[in-house]
*Asks:* 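Take a look at this one; I'll ask things after.
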Protein chains: 2
Amino acid sequence: MTASPTDERIRKGDRTRRAILARATDIASLEGLEGLSIGRLATDLAISKSGVFAHFGSKEELQLAAIDAAVAIYRQRVVLPAQSEPSGLVRLWLLADGWLAYSRERVFPGGCFFFNAQAEFDARPGRVRDALATASSRWHDLLGKAAEDARCAGDTVADLDADQLVFEVIAFLEAANGTNLLHEDGRAYDRAATAIRSRLLNASTAPASLAPRLTPRGDLRDPAA
Amino acid sequence: MTASPTDERIRKGDRTRRAILARATDIASLEGLEGLSIGRLATDLAISKSGVFAHFGSKEELQLAAIDAAVAIYRQRVVLPAQSEPSGLVRLWLLADGWLAYSRERVFPGGCFFFNAQAEFDARPGRVRDALATASSRWHDLLGKAAEDARCAGDTVADLDADQLVFEVIAFLEAANGTNLLHEDGRAYDRAATAIRSRLLNASTAPASLAPRLTPRGDLRDPAA
DNA sequence: CCTACCGATCGGTAGG
DNA sequence: CCTACCGATCGGTAGG
């Protein structure tokens, strides 16, 4: 069976929707989710304003769809690569190091999509803020689970405060992103990696054997360097 | 000599300007420096739009004036109270603890003015971004000077990396502000205070005598509690 | 500080 | 997906 004209039309609609969202997440990372305007998206993509509008129905729905799209990219880029790692502390490191690469390599041109969106909406009640808070909680929980796994496996000091550790790790990630963007200072990523490595070794019961596994991403991709 | 009509008019103009900027910094902390609109300021203050406009000449100048006003409040509230402290490490603590109080007590209703403004402008070149980068650098330098003072006085380990310590302290402050705003979680401030205290004690050559001086602000104001 | 106005852009709608 | 349109609001100006 060949594709029907209806299938074709649906597929084309999906492609347009994806193109809109790709542009929307980029713009939002640079100028904010509120700075995102339907008219500008239309101009950039050379379609009509109402053509963009029809895909979402309101600006708020567009913002929510952009958040979903950004979550999917984040999952692919930061979360998935670390999921097969069995050791909690090493998984925590891979997640953190993957996040630093995600920020440094400008997967979104304005730096971490969520960093900007959260600062923008943290004082504005509504569905957008709720969606951002949920995404943030999931990320916290993912790191928290890795820390708890490590503790249950006896890889950390018995009285490890997993929430405190996660708070500190995330603080370093966001500070690296923010400092790098505002001051164009690449050392911020090194400072964050140093701080996180130090915290993980401090929590570990076997720092000597953990240390060589906390290598930066670049070393893994290019072992000859 | 009594005040001339001209003096009177100048004084009234100053009062209006101050009222505009007080409102402007509050709005900007909640909705961003770009979300700040001249028309809305005029409505809120019950004066005409061009009346607001005349004080600044452009929206960018209004934004720059709002940053200056926020810097003055920040100085008064966070920087000055710690300046008389002779010990570098204790001064660093007082600055950090004062910052947490400034965020927690919502000196600006949307949390730290600079946290929001920096996330908003860190990817937009221009005078506003430059002013924010300068303010950020001054804050970094102020904390860095306190750390260097401590090191020169022999209060820290000899090979202390002052920039690394400052990076970590600021990371904890901003994470506390962001987490508290997005999740309405007061524990974020305790986590930041715990983390900073731990870092300072770790850097100190005399942690046992330093520890009792790293008390939270509330304890100082109400010793009976 | 005011009124009155400008062109541009905003989100959103009607009708196709 | 389109054209054509709506009221509201934006930053900014003219003239006082």
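Please read these numbers as outputs of a predicted model, since none were measured by experiment. Below, chain A is the first sequence line, B the second, and so on; all start at residue 1.
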*Asks:* Grab the CG-C1' distance between A:Leu45 and D:dC1 for me, whole Å please.
*Replies:*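 Checked: the CG to C1' distance equals 13 Å.
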*Asks:* Side chain of A:Lys59: nearest nucleotide among D:dC10, C:dG12, C:dC1?
*Replies:*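 Ranking D:dC10, C:dG12, C:dC1 by closest atom to the A:Lys59 side chain puts C:dG12 first.
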*Asks:* For B:Leu36, report the nucleic acid contact type (base, sugar-phosphate, nothing); a contact means any heavy atom under 4.0 Å.
*Replies:*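 Counting heavy atoms under 4.0 Å across all strands, the contact made by B:Leu36 is with sugar-phosphate only.
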*Asks:* Side chain of B:Phe53 only, please: which of D:dC2, D:dG12, C:dC1 is the nearest?
*Replies:*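 Taking heavy atoms from C-beta onward, the closest nucleotide is D:dG12.
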*Asks:* Specify the separation, in whole Å, of atom CD1 of A:Ile47 and atom C1' of D:dT3.
*Replies:*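 Spelled out: CD1 on A:Ile47 to C1' on D:dT3 is 15 Å.
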*Asks:* How long is the line joining CG of A:Leu33 and P of C:dC10, in whole Å?
*Replies:*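 Taking CG of A:Leu33 and P of C:dC10, I get 16 Å after rounding.
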*Asks:* Between B:Glu34 (CD) and C:dC10 (C1'), how many Å, whole number?
*Replies:*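 B:Glu34 atom CD is separated from C:dC10 atom C1' by 14 Å.
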*Asks:* How are the rings of A:Phe113 and A:Phe108 set to each other: parallel, tilted or perpendicular (split at 30° and 60°)?
*Replies:*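 Tilted: the ring planes of A:Phe113 and A:Phe108 meet at 30° to 60°.
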*Asks:* If I take atom CG from residue B:Leu21 and atom CD1 from residue B:Ile67, how far apart are they, to the nearest 0.5 angstrom?
*Replies:*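 These two atoms lie 11.5 Å from each other.
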*Asks:* Once hydrogens and angles are ignored, does a donor-acceptor distance under 3.5 Å link the base of D:dC2 to the side chain of A:Ser50?
*Replies:*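 Flag set: donor-acceptor pair detected.
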*Asks:* Identify the nucleotide, in any strand shown, that forms a Watson-Crick or G-U wobble pair with D:dA14, with both distances under 3.5 Å; if there is none, say none.
*Replies:*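 Check on D:dA14: paired to C:dT3, both distances under 3.5 Å.
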*Asks:* May I have the distance from A:Ile38 (atom CD1) to C:dT9 (atom P), rounded to whole angstrom?
*Replies:*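 The distance from CD1 of A:Ile38 to P of C:dT9 comes to 16 Å, rounded to the nearest Å.
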*Asks:* Taking the six-membered ring for Trp, are the ring centroids of B:Phe114 and B:Trp139 within less than 6.0 Å of each other?
*Replies:*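 That pair fails the under 6.0 Å test.
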*Asks:* Tell me the interatomic distance from B:Ile27, atom CD1, to D:dC10, atom C1', rounded to whole angstroms.
*Replies:*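 It works out to 15 Å between those atoms.
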*Asks:* If you compare every side-chain N and O of A:Ser37 against the phosphate oxygens of C:dC10 (OP1, OP2), does one of them come in below 4.0 Å?
*Replies:*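 It does, given that an N or O in the side chain of A:Ser37 lies less than 4.0 Å from OP1 or OP2 of C:dC10.
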*Asks:* Using atom NE2 of B:His55 as one end and atom C1' of D:dG12 as the other, report the distance to the nearest whole Å.
*Replies:*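 Rounded to the whole Å, the gap is 16 Å.
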*Asks:* Rounded to the nearest 0.5 Å, what separates atom OH in A:Tyr189 from atom CZ in A:Phe172?
*Replies:*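 Interatomic distance, A:Tyr189 OH to A:Phe172 CZ, rounded to 0.5 Å: 16.0 Å.
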*Asks:* Whether the side chain of B:Lys49 and the base of D:dG11 hold a donor-acceptor pair under 3.5 Å is what I'd like checked.
*Replies:*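 Indeed there is one.
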*Asks:* What pairs with A:Gln63 under side-chain hydrogen bond (donor to acceptor under 3.5 Å, both in side chains), at least two apart in sequence or on another chain?
*Replies:*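 A:Gln63 satisfies side-chain hydrogen bond (donor to acceptor under 3.5 Å, both in side chains) with A:Glu34 only.
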*Asks:* Starting from P on D:dC10, measure out to CG on B:Leu62 and report it in whole angstrom.
*Replies:*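 The distance from CG of B:Leu62 to P of D:dC10 comes to 13 Å, rounded to the nearest Å.
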